[in-house]
Amino acid sequence: MSMGALGVKAGVVMARSPRAERWPMSMIYGTASLLGLMLLALVEPHPLLTVLATLAYGVVVGNLMWRLRGASALIAPIALLHVAVLVSLAAIESGASMKELGMFGEPSAGGVAFAVIGVVFVLAATVATRGAISRWPSPPPGQVVRLSGPMAYLSATIVGVLVAYLFLRGAVTGFPLLSGADRFAYRAAADVIVINVLTLKYVIAGFMGAAAALAAERRCRLAHQAVFVAYLAVTFLFADKFFNILIAAIIFSAPAFMLGVHSGGRALLRLLPGAVLAVASVLAVTVYIYSGGGALSAAQTAERLLGRAAGQGQLWHVAVREHGDWLRFDAQEASKTLGSLTANPAATYALRERMGPFYFIEKHAPSAMHRSFFANSGWVTPTMVSEAYALVMFGHLGLLVIVVAMGAVLGGLIGFFRWRLLSGNPFMVLLPAAMLTQFIYGYAQGTLYSLIGLSTLKIYAAFFVVGWFSHLWLKRHAQSTGAP
């Protein structure tokens, strides 16, 4: 591969010293507002307080992420999950039906509390990201290697072949979105290539985003972008969730912002029209699906959408309502969590022992839904479980400790991702991208084994080997061609 030492502003992510920064007044007001809303919610809970807390969360987290610059793109997926839960909690606290748990919501301080916990998480992730970036070495400014020549298209070629294979398989078997087939049932019968290409969406996003950002030529970047858009379009035909597609797009853009290929508000404005068009298109298709292909009335469609929205925050709402201890320790659930780290397969262990989401299903879900989960071997589970499950095990104070720890882990992974990106080899990004993927899955499902279980470590080992083999091959090629 022909590589040239073309300049990249390696320090763009953390250009300013933290000591020289001051908190803007909007951030101070947002933090004070959150604390005030928390006190009001404890005295007289109301859905409006959750709505206001969501706005305050946006102000505070927006300021924190803005100060991280490019690295904040990898915090954005978790922040979006937080916002989805807060919107869900506002609906639940207004009396929405939580059909999956067979109960109705009621006013609670849980919505405002979740906003506070979300801010604590992002703050911990921000501090940890800064620490990781300052500790892990990176090449001096102007020394980040850019990729050029025919081999710079290698990653786009690999993913392009996978996209073509995915499309052809869908054309033969029928795309779940078009045929109306259940996407989980389809994947259960799909071949190993289809399953992995669909499941490793965030890894592919990070890999392709790194290759595009490191490309020396604009046409090479455009080729990677075109292949990735085609990949997202095909996965959408396989009925992949809108949220998964949105997060994948964010991860793809992260390397470009980290390296300064896109920087500042002008870059965001250039990306805004395409982002709005993509979101509007996916939302339109989502409404069409929930309307039963246009067969249901507007009121019935809205009811189904509201019920789906309520699913994001239902476990947290129930956990807050039934577990108000400031400090507790559920030894049984904690022991199960540790046991899952060595179980093989861990997902089957979690299902059998009623861990994570299955803890709440066992306790609250109607029998019909319970049978559905067993029939799908655990593929279909509620999301946003970590905070609720930690509250059940450790109480409110213990939850704060867990949230800070999770934020610190995310910050470390972001620093690791950036360090490997600055190596100039997109294959070296595969490992940190896989770790970030497993973190997101584990965070959403409340499963520690997703991040550090034995079966997960095998995945990490595979990507580690691929990354270092590519590193050795590129080094040997550079020596044989005399390239720098």
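Between the side chains of Glu387 and Tyr443, a donor-acceptor pair is found at a separation under 3.5 Å. If you check the side chains of Tyr202 and Asn244, you find a donor sitting under 3.5 Å from an acceptor.
Between Gly467 and Met428, the closest heavy-atom pair is O-SD, 3.1 Å. Between Ala128 and Gly407, the closest heavy-atom pair is CB-O, 4.2 Å. Nearest heavy-atom pair, Arg328 versus Gly395, reported as atom, atom and distance to 0.1 Å: CG-N, 3.4 Å. What you find for Gly111 and Thr50 is that their closest heavy atoms are CA-OG1, 3.6 Å. Here the shortest heavy-atom pairing between Met38 and Ala109 reads CE-O, 3.8 Å. Taking all atoms of both residues into account, the shortest heavy-atom contact from Leu37 to Leu49 is CD2-CD2, 3.7 Å.
Within the 4.5 Å cutoff, the side chain of Leu421 has heavy atoms near those of the Leu259 side chain. Considering only heavy atoms from C-beta on, Trp326 comes within 4.5 Å of Leu397 through its side chain. Side-chain contact between Met208 and Gln225 is absent, with no heavy atoms from C-beta onward closer than 4.5 Å. For the pair Leu89/Trp316, a side-chain contact is recorded, criterion being any heavy-atom separation below 4.5 Å from C-beta on. Residues Ile247 and Phe243 form a side-chain contact, since some pair of their non-hydrogen atoms from C-beta on lies under 4.5 Å apart. Proximity of Leu232 to Asp240: side-chain heavy atoms (C-beta onward) are nowhere separated by under 4.5 Å. Taking 4.5 Å as the limit, some side-chain heavy atom of Ile440 sits within range of a side-chain heavy atom of Ile251. Residues Phe463 and Leu200 meet the side-chain proximity criterion, which asks for heavy atoms closer than 4.5 Å.
Within the 3.5 Å criterion, the main-chain N or O of Ala84 finds no donor-acceptor partner in the side chain of Ser88. At distances below 3.5 Å, at least one donor-acceptor pair connects side-chain atoms of Ser253 with backbone N or O atoms of Ile250. Judged purely by atom type and a 3.5 angstrom limit, Thr337 uses its side chain to pair as donor or acceptor with the backbone of Glu333. With hydrogens and angles disregarded, no donor-acceptor distance shorter than 3.5 Å links the side chain of Lys201 to the backbone of Ile245. Using a distance-only test at 3.5 Å, with no hydrogens or angles considered, no donor-acceptor pair links the side chain of Thr447 to the main chain of Tyr449. At distances below 3.5 Å, not a single donor-acceptor pair connects side-chain atoms of Thr456 with backbone N or O atoms of Ile452. Judged by distance alone, the side chain of Asp325 and the main-chain N or O of Leu327 form no donor-acceptor pair under 3.5 Å.
Note that CZ of Phe394 and OH of Tyr389 are 9.0 Å apart. Values are rounded to the nearest 0.5 Å.
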Under 3.5 Å, sequence neighbours excluded: what are the donor-acceptor pairs made by side chains of residues 431-439?
unit_1 : atom_1 : unit_2 : atom_2 : d
Thr437 : OG1    : Ala433 : O      : 2.8
Gln438 : NE2    : Ser450 : O      : 2.7

For this session: Please step through side chain to side chain contact (heavy atoms under 4.5 Å, CB included) for the pair Leu64 and Leu123, ending with a clear verdict.
Result: CA-CA 7 Å; Leu64 286 171; Leu123 178 61; 3.9 Å; yes
Exercise. Would Arg418 and Ile414 satisfy side chain to side chain contact (heavy atoms under 4.5 Å, CB included), going step by step from the backbone distance to the final call?
Worked result: CA-CA 6 Å; Arg418 176 182 175 273; Ile414 292 173; 5.6 Å; no
For this session: Show your reasoning for whether side chain to side chain contact (heavy atoms under 4.5 Å, CB included) applies to Asn344 and Leu454.
Result: CA-CA 8 Å; Asn344 187 28; Leu454 283 180; over 6 Å; no
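The environment of Tyr441 atom OH is dense: over 12 non-hydrogen atoms of other residues, nucleotides or ligands sit within 6.0 angstrom.
Ring-plane geometry between Phe114 and His82 is classed as perpendicular, the angle between the planes exceeding 60 degrees on a 0 to 90 degree scale with a lower cut at 30.
Counting only residues at least two apart or on different chains, no salt bridge (charged side-chain N to carboxylate O under 4.0 Å, His left out) pair has a member in residues 246-256.
Residues passing the ring-ring contact (aromatic ring centres under 6.0 Å, His included) test with His46, sequence neighbours excluded: none.
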